[in-house]
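Read the structure below first, then the notes.
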Amino acid sequence: MGTEQELRRVRLAKLQALCDAGINPYPYRFPRTHTLGQVRECWGHLEGEAMSEGTVSAAGRITNWRDMGKTVFADLRDQSGHIQVYLNQKTLGAEAFGLMRHADLGDFLGVTGRVFRTRTGELSVRAEKAELLCKALRPLPDKHSGLKNPELVHRDRSSYFTSDPEAREVFVKRARAIAAVREFLSARGFLEVETPLLQPLYGGAAARPFKTHVHAIDETYYLQISPELYLKRLIAGGFDRVFTVCKNFRNEGIDKTHNPEFTMMECYQAYADYTDILELTENLYAHVFRTVLGATTVGVPSDEAGGTLVELRFEPPWPRYRMLDLVQQHSALAVGDLDASGLRSALLALPSDHALFTEMPRERIGALSWGEMVQALFEFHVQSQLVHPCFVLDHPKETSPLCKPHRSDPRLIERFEPFANGWEIGNAYSELNDPVLQRELLEEQAARRSGGDEEAQPMDEDFCAAVELGMPPMGGLGLGVDRLVMLLSGQSNIKDVILFPFTRSGKGEGRAE
RNA sequence: GCGCCCUUAGCUCAGUCGGUAGAGCAGCUGAUUCUUAAUCAGCGGGCCGCAGGUUCGAGUCCUGCAGGGCGCACCA
């Protein structure tokens with residue numbers, strides 16, 4: 001009595017006993033009149049000996065059971081809350097009361113009765129009828145400590161969520177946040193669309209894809225790494241404002257801010273540039289925060305501050321910083337005034353044990369362009385410092401093949417990334433619509449790819465054809481939804497904002513050799 | 001991919017110097033008509049992650065493997 005199997009056997013025996021007594025332990029429905037939260041709302045004002053006039057029918061999972069002999073106090077829980085049920089041999093009748101002996105923690109119970117307060121003041125339903133709604137065979141996690149084993153927390157989500165209402169609350173916020181995103185964009189005339197997740201080519205980002213095989217046509221396909229190239233086809237096709245909330249799949253590292261499949265919001269607005277999109281971004285964030293939290297300020301555990309809570313303000317406008325200025329400030333290198341060889345010698349003049357060289361190996365610097373060095377310096381010196389919400393503008397042109405050149409600096413493109421808590425939370429461009437330059441840049445990518453760069457994008461002729469058809473000038477934005485929810489709910493691990501985060505299968509394939 | 005740490009009952013965790021396995025919760029039996037992590041009496045429950053090794057003797061020491069956590073790297 002105590003092994004998993006034995007616990008199961010005991011419950012199966014109770015199940016059989018119920019069946020023998022002519023009870024269906026899995027009835028079809030229970031006409032409840034109130035959720036448990038509503039019971040509390042409607043009758044919370046009761047005082048003393050007062051009792052509700054009519055009866056309520058309420059149901060939930062049994063989370064606690066205090067057996068006093070001829071009286072049992074059981075706690076029921078549903079999504080809206082919890083309430084105590086008073087089960088008494090006299091009120092319920094000896095037969096029905098006797099059947100309750102076959103109930104266990106974790107079973108679902110429906111009761112009908114009047115609402116009252118016990119002598120100790122606990123709001124309770126005094127059951128005149130009680131009906132088992134589902135007999136459970138597995139025990140719930142420990143009623144005090146819950147499920148703590150981090151392996152099971154992310155694998156056995158059913159058990160975990162039963163034991164941690166706060167964890168469930170994160171996903172209520174997530175759902176509200178995504179609804180708020182849709183509401184904000186729809187109100188501004190954006191049409192919600194879907195892109196194929198199975199694609200013959202992949203693009204729109206620099207990432208290794210997941211590969212799959214379509215048997216019907218015997219061809220290799222890829223899971224989407226970004227919806228960008230499909231959304232732009234729609235703009236070329238005459239849709240002026242589109243957005244999608246979709247999954248992206250990237251076959252790369254897994255850590256506290258990276259899950260192999262993650263949720264993205266991407267939108268494109270014709271006749272706009274990145275300055276318009278910048279305002280859209282901060283207003284969208286503010287709208288979501290106001291809708292879900294009722295405030296634009298939130299406390300978030302910060303890695304940079306050793307895990308302590310840092311108060312972040314998402315109220316627009318967020319500060320705008322030019323990337324060159326930030327790098328110059330934090331690295332004390334006048335990157336904007338140096339050309340590639342000047343910057344290269346400045347870097348090589350640093351002491352050879354400088355931490356920078358663990359990020360950017362000394363011997364590779366000779367092969368890097370000016371823009372690649374600037375980007376690397378940004379990631380090394382600046383990124384983690386960007387704790388408060390802000391925008392980083394005007395990246396080197398090497399950082400994207402899908403963005404318009406900067407109108408006043410040929411070394412740069414019209415790109416910005418919003419940052420918060422040291423995380424990149426989005427990416428936006430004045431989108432490239434010059435078909436000649438677009439083809440040139442994608443051919444460059446394809447060449448790097450055949451040169452062994454696994455993250456460079458393959459040539460996509462269909463996409464180039466769409467660009468050649470003509471696209472209006474437009475601004476585009478991608479926002480990481482998971483990171484948005486992390487900020488909104490104060491979570492520091494992406495696995496805690498994804499209902500079913502990626503875990504190893506345990507099959508161990510590919511590890512034999 | 002590299003480094004460090006973890007894996008003991010269904011759940012949460014102890015386990016000293018290497019000496020043959022413990023608690024609380026849950027479960028079972030009984031008592032109990034107002035409890036709140038109810039209480040009281042009693043009873044069961046273990047491949048100590050897996051496989052080797054050292055030893056008279058391994059939960060404990062060593063090696064390998066698996067799973068997990070953290071950090072680093074990767075992720076423009």
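Quick note on labels: first sequence line is chain A, next is B, and so on, each numbered from 1.
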>> Taking side-chain hydrogen bond (donor to acceptor under 3.5 Å, both in side chains) as the definition, give me every residue that meets it alongside A:Thr112, ordered by chain and number, with sequence neighbours left out.
In response: A:Ser57
> With sequence neighbours left out, what residues match A:Lys495 under side-chain hydrogen bond (donor to acceptor under 3.5 Å, both in side chains)?
Replying inline: none
>> Could you write out RNA chain B as dot-bracket? Rules: Watson-Crick or G-U wobble, both distances under 3.5 Å, brackets [ ] for crossings, | for pairs with another strand, dot for unpaired.
In response: (((((((..((((.....[..)))).(((((.......))))).....(((((..]....))))))))))))....
>> Strictly distance-based, threshold 3.5 Å: is any side-chain N or O of A:Trp43 a donor or acceptor partner for the main-chain N or O of A:Arg117?
In response: no
> Out of B:G68, B:U32, B:C34, which has the shortest distance to the side chain of A:Asp67?
Replying inline: B:U32
> Given B:A38, B:C28, B:G68, which nucleotide is nearest the side-chain atoms of A:Glu151?
Replying inline: B:G68
Can you give me every donor-acceptor pair (side chain of residues 125-134 of chain A, partner residue at least two apart or in another chain, under 3.5 Å) with its distance?
none

> Run the side chain to side chain donor-acceptor pair (under 3.5 Å) check on A:Glu41 and A:His34 step by step: do they pass?
Replying inline: CA-CA 10 Å; A:Glu41 261 171 54; A:His34 296 72; over 6 Å; no
Among residues at least two apart in sequence or on other chains, which ones pass ring pair (Phe, Tyr, Trp, His ring centres under 6.0 Å) with [X]?
{"X": "A:Tyr268", "answer": "none"}
{"X": "A:Tyr274", "answer": "none"}
{"X": "A:Tyr222", "answer": "A:Tyr202"}
{"X": "A:Phe116", "answer": "A:Tyr86"}

Provide a list of protein-nucleic acid N or O atom pairs under 3.5 angstrom, restricted to nucleotides 3-6 of chain B.
none

Taking only N/O atoms, report every protein-nucleotides 9-15 of chain B pair under 3.5 Å with atom names and distance.
{"unit_1": "B:G10", "atom_1": "OP1", "unit_2": "A:Glu4", "atom_2": "N", "d": "3.2"}
{"unit_1": "B:G10", "atom_1": "N7", "unit_2": "A:Gly2", "atom_2": "O", "d": "2.9"}
{"unit_1": "B:C11", "atom_1": "O2'", "unit_2": "A:Asp142", "atom_2": "N", "d": "3.2"}
{"unit_1": "B:C11", "atom_1": "O2'", "unit_2": "A:Gly146", "atom_2": "O", "d": "3.0"}
{"unit_1": "B:C11", "atom_1": "O2", "unit_2": "A:Asp142", "atom_2": "OD2", "d": "3.2"}
{"unit_1": "B:U12", "atom_1": "OP1", "unit_2": "A:Lys148", "atom_2": "N", "d": "2.9"}
{"unit_1": "B:U12", "atom_1": "OP1", "unit_2": "A:Asn149", "atom_2": "N", "d": "2.7"}
{"unit_1": "B:U12", "atom_1": "O4'", "unit_2": "A:Ser145", "atom_2": "OG", "d": "3.0"}

>> With salt bridge (charged side-chain N to carboxylate O under 4.0 Å, His left out) as the rule and sequence neighbours excluded, what pairs involving residues 397-407 of chain A come up?
In response: A:Asp273-A:Arg407, A:Arg407-A:Glu414
> Quick one: does A:His144 reach the base of B:C25 with a side-chain donor-acceptor pair under 3.5 Å?
Replying inline: no
> Going by number, which of residues 78-89 of chain A have a non-hydrogen atom under 4.0 Å from RNA chain B?
Replying inline: A:Gln84, A:Tyr86, A:Asn88
> Just checking, any donor-acceptor pair under 3.5 angstrom between side chains of A:His82 and A:Asp75?
Replying inline: no
> Over how many whole Å does the gap from A:Phe210 atom CZ to B:C75 atom C1' extend?
Replying inline: 12 Å
